[in-house]
2 protein chains.
Amino acid sequence: MRPTVHDIAAAAGVSLATVDRVLNQRPGVRLVTREKVEAAIRQIGYIRDVAAANLAKGRVYPLVFIVPTGDNSFMHGLRLEVHHATLRASIERTDIRIVEVPAFDVPSLVAALDALQGQNIAGVALVATDAPEVRAAVDRLVSERIPVVTLVSDLTDSARHHYAGIDNIAAGRTAARLLGRFLGGREGDITVLAGSMLVRDHRERLQGFSAVMAEEFPKLRLLPVLEGRDDPERTKTLISKALSERKDIIGIYSLGAGNRGLIAALKAVRPERELTVVVHELTQHTRAALVEGTIDAVLNQDAGHEVRSAIRVMKATADGQAVIADQERIRLDIFLKDNLP
Amino acid sequence: MRPTVHDIAAAAGVSLATVDRVLNQRPGVRLVTREKVEAAIRQIGYIRDVAAANLAKGRVYPLVFIVPTGDNSFMHGLRLEVHHATLRASIERTDIRIVEVPAFDVPSLVAALDALQGQNIAGVALVATDAPEVRAAVDRLVSERIPVVTLVSDLTDSARHHYAGIDNIAAGRTAARLLGRFLGGREGDITVLAGSMLVRDHRERLQGFSAVMAEEFPKLRLLPVLEGRDDPERTKTLISKALSERKDIIGIYSLGAGNRGLIAALKAVRPERELTVVVHELTQHTRAALVEGTIDAVLNQDAGHEVRSAIRVMKATADGQAVIADQERIRLDIFLKDNLP
DNA sequence: CGATTTTTGATGTACGTAAATCAAAAATTT
DNA sequence: AAATTTTTGATTTACGTACATCAAAAATCG
C-alpha cells in the first residue's frame, strides 16, 4: 500500500496538521520540525495522490491557447485539435480558452500575452513568432510563475518551460536525404518553397535541408528560396513560373503550409515533367496528392499529439510535477503512400 | 460546474442510494425507476468522476504482461518498458506482473494464459504467437470478461479487445517503397531476412513488401526468404553465404530482430559491395549502423508507447470506458540517420 | 518570572463517489 | 386484507488530501 499523509505524521512523530503545513508550504512550522517531516517524506517515499488532492481542492486548470488565424489547413487542424481538447475539459479538469491572433503579427501576439498577466491562469500555450518582443512577453509571464509552452514553433532564448513540437532542423535534414536518395544520382536543380523566413520552424527546416544537400548531394543545386506566405494562389504562381523558367528543376521541397497551390501547379505540368516532391504537413490535399503520386513523401507533425502534450505539460508544471520527457517528445512522421493512417 | 450524483438524484426525483444502485448495476431497482434515472443521467450529461470513484473504491488494476524470453534487443527493450511501467505503478494504481514464456512456444503461452483464469485480474497483455490454441485460450479469458490486449503481434480471428502494435502490412509496403526508391531504377536481386514465418507480424511484413515490390519495382527480383530465427550467429552465416553466392544482390530487407548478425556480415563485405539496406527495430546496433551508413533506414515501433497504450486500454476496458482510438494508434516510425531521437 | 508570540495538535468539513446498513414504503402474493 | 417480498430512502463511513478553526503547548521576549 502506498503511504499517505497519516504515515508521514506517524513516521515524523508530528500531527497531521503539521504535515499538511509542510506539504502545502503553509507558515507556522519551525525549521527543525519542517526538516523532520521532509526527512520522513523522503524516507518512506511518500508521493502525493494528485487525484485526491485535486478532488479536495476542486482544482481546475484554466489554460490559454494562443493560435494564429489564417486558413491554411495545418493551423485549421491545430485549432480543431484545441477545440477537441475543450470537449474533454470536464473530465480533464481543464478550462481552455482559445485566443486567435493574426499570423506573424508580433504586436498582436505580445498584446495577447500581456493581457494574461495577473490573471488566474494555470498555463499558456502559444505558436510563437520568433521575435525579441515576444520573448520578453513570454519571460514576463514566466516570471509570474505561469507555465508557458511553445507550440509548433519555438522561441529563441526564452524562458518558456517546454516546447511541444518537432525538431525542425532534423526535419529539414530528413527531407534532404529523402529527396536526394529518391533522385538516385541524378543531377539538377532543387526548388525550396517556404511560407516565411520570419518563423523559426521554417528557418530551421531550411537550415537542415541546406546542410545535408551541401554535404551529401553535391549534384543537386539549390535555387533561391521562394516565399509563398502559406498562400495557395501566390504559391501556385511562384511554382508555375519557376518550373517554366528552369527546365532543370527535378525536385521540390515545400517546408511550409499552403500546399494546395503547389499541388495545383504540379498537376498542370504533370505527365511531361517528372518531379520528386517532398512536402510538410499531412492534410486532405497532401494526402490525396501522395496517393496519386503527385508528391512522394509527406513529413508531418501530429497536431493532436502536440496539443495533448502541451496540456499535460502545463498541468504538470502548474503542479510542480516532473514531465516524462520521452513521452512528450513530438515525433516527425514520415508518410509514403503506403503508411498513411 | 460538472453535474454530480446528487444532481442526478434531484433530477430523477429519487434518492442517492437509488442512483448509486443504477450506476453500479446493483440489484433492487425496478425497471421504470432505472429508466428514469438513466434518462436523467443522459439529460443532464452526467459523467462519472473516475478519479473520485477510484479513490472511493481504493481501486488498483492488477495487470499481467506475458512476454517472450530470448535475448534479442527488441524483446529486451520491451521487457524493460514493462519494468518501467511497474515503477509508475503506485501513481497509476496498477499492479503489474510480468510472466515470461519461451518464444514461439504455443503450449507454454496457452498454459500461462489458462493459469490466469478465475484470478482477480483487470487485464492481460500478451505478445501473441498466432496459433488456434492461443486464440482459444485468449477467447476463454475474454469470455470471463477479462480485458485482453495483444502486443506487437496480433492474433488472427480472436476476440481480444485491442491490438497495441503497428500495421505490419503497411510496414512491409513502406520498406519496399523505400528500398525501391533508394535504388533508383537499378536492376538486381533483393534478399529478405525474416525471424520466423510462424509469427503474424513477420508474415504480414513480407506480404506487404512483396506486394509493393511486384506492383512497382519489376526490375528488382525477390530471392527466397531467409529465416534467421532472430539469432545473430545464424543470421550472419546466412547473409554472408547469400552475398558471396549471388553477386547481383543490391538490397536487403530485414524484417525481424537479431540484426547484429546482419550488420556484422555487411561490414565484412563493406567497401566493395554497395548495398541498400532497410531493417526493423531501432536498437543500439541498428542505430550505430544507420549513423555509419551501413544501413539506410530503420523502421521502428516504439515499445514504450506500446506498453503505455496497452495499459491505458486495459484500464479503460476494465472500467467499461471508451478508448480514444486516435491516441492509441501505434505509429510506424521511419528513421534515417538525420531524425534519430 | 510572567507575558507574549510562535508553533503544534486535535478536530471537523469538504471534494465526488462507493458501499453498506437499516428502516420505510410500495408492490406482489396468498 | 394480511403476509410477504421487493424496492426505495435515509444515513453513515470511507478513500486521500486540503483547508480552516480553536485550543494547548512550547518557545521567546521583556
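In the text below, chain A, chain B and the rest are named by the order of the sequence lines, each starting its count at 1.
A salt bridge links B:Arg331 with A:Asp302; the closest basic N to acidic carboxylate O contact falls under 4.0 Å. A salt bridge links A:Asp139 with A:Arg135: the closest approach of a Lys/Arg side-chain nitrogen to an acidic carboxylate oxygen falls below 4.0 angstrom.
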key: Per-nucleotide protein contact string for nucleotides 17-22 of chain C, where B marks a base within reach and S marks sugar-phosphate only (heavy atoms under 4.0 Å, - for neither)   = BSB-B-
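Within 4.0 Å (heavy atoms only), A:Gly28 reaches at least one base atom of the nucleic acid.
Rounded to whole Å, the distance from CD1 on B:Ile44 to C1' on C:dG16 is 13 Å. Here the C1' atom of nucleotide D:dG16 and the CZ atom of B:Arg59 are 18 Å apart, to the nearest Å. Distance A:Leu55 CG to C:dC15 C1': 4 Å, rounded to the nearest Å. Between the CZ atom of A:Arg30 and the C1' atom of D:dT28 there is a distance of 11 Å, given to the nearest Å.
Ranked by how close their nearest DNA chain C nucleotide is to the 5' end, A:Val32 and A:Gly58 are led by A:Val32.
A heavy-atom distance below 4.5 Å is found between the side chains of B:Leu23 and B:Arg48.
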Between side-chain atoms of residues 89-96 of chain B and protein atoms elsewhere (two or more places apart, or another chain), which donor-acceptor pairs fall under 3.5 Å?
{"from": "B:Glu92", "atom 1": "OE2", "to": "B:Arg88", "atom 2": "NE", "distance (Å)": "3.1"}
{"from": "B:Arg93", "atom 1": "NH1", "to": "B:Arg59", "atom 2": "O", "distance (Å)": "3.3"}
{"from": "B:Arg93", "atom 1": "NH2", "to": "A:Asp49", "atom 2": "OD2", "distance (Å)": "3.1"}

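The side chain of B:Ser15 contributes no N or O atom lying less than 4.0 Å from OP1 or OP2 of D:dA10.
Within the structure, the salt bridge (charged side-chain N to carboxylate O under 4.0 Å, His left out) test picks out the following pairs touching residues 156-165 of chain B (sequence neighbours left out): B:Asp154-B:Arg160.
Here the CG-CG distance, from B:Asp201 to B:Asp167, works out to 11.5 Å after rounding to the nearest 0.5 Å.
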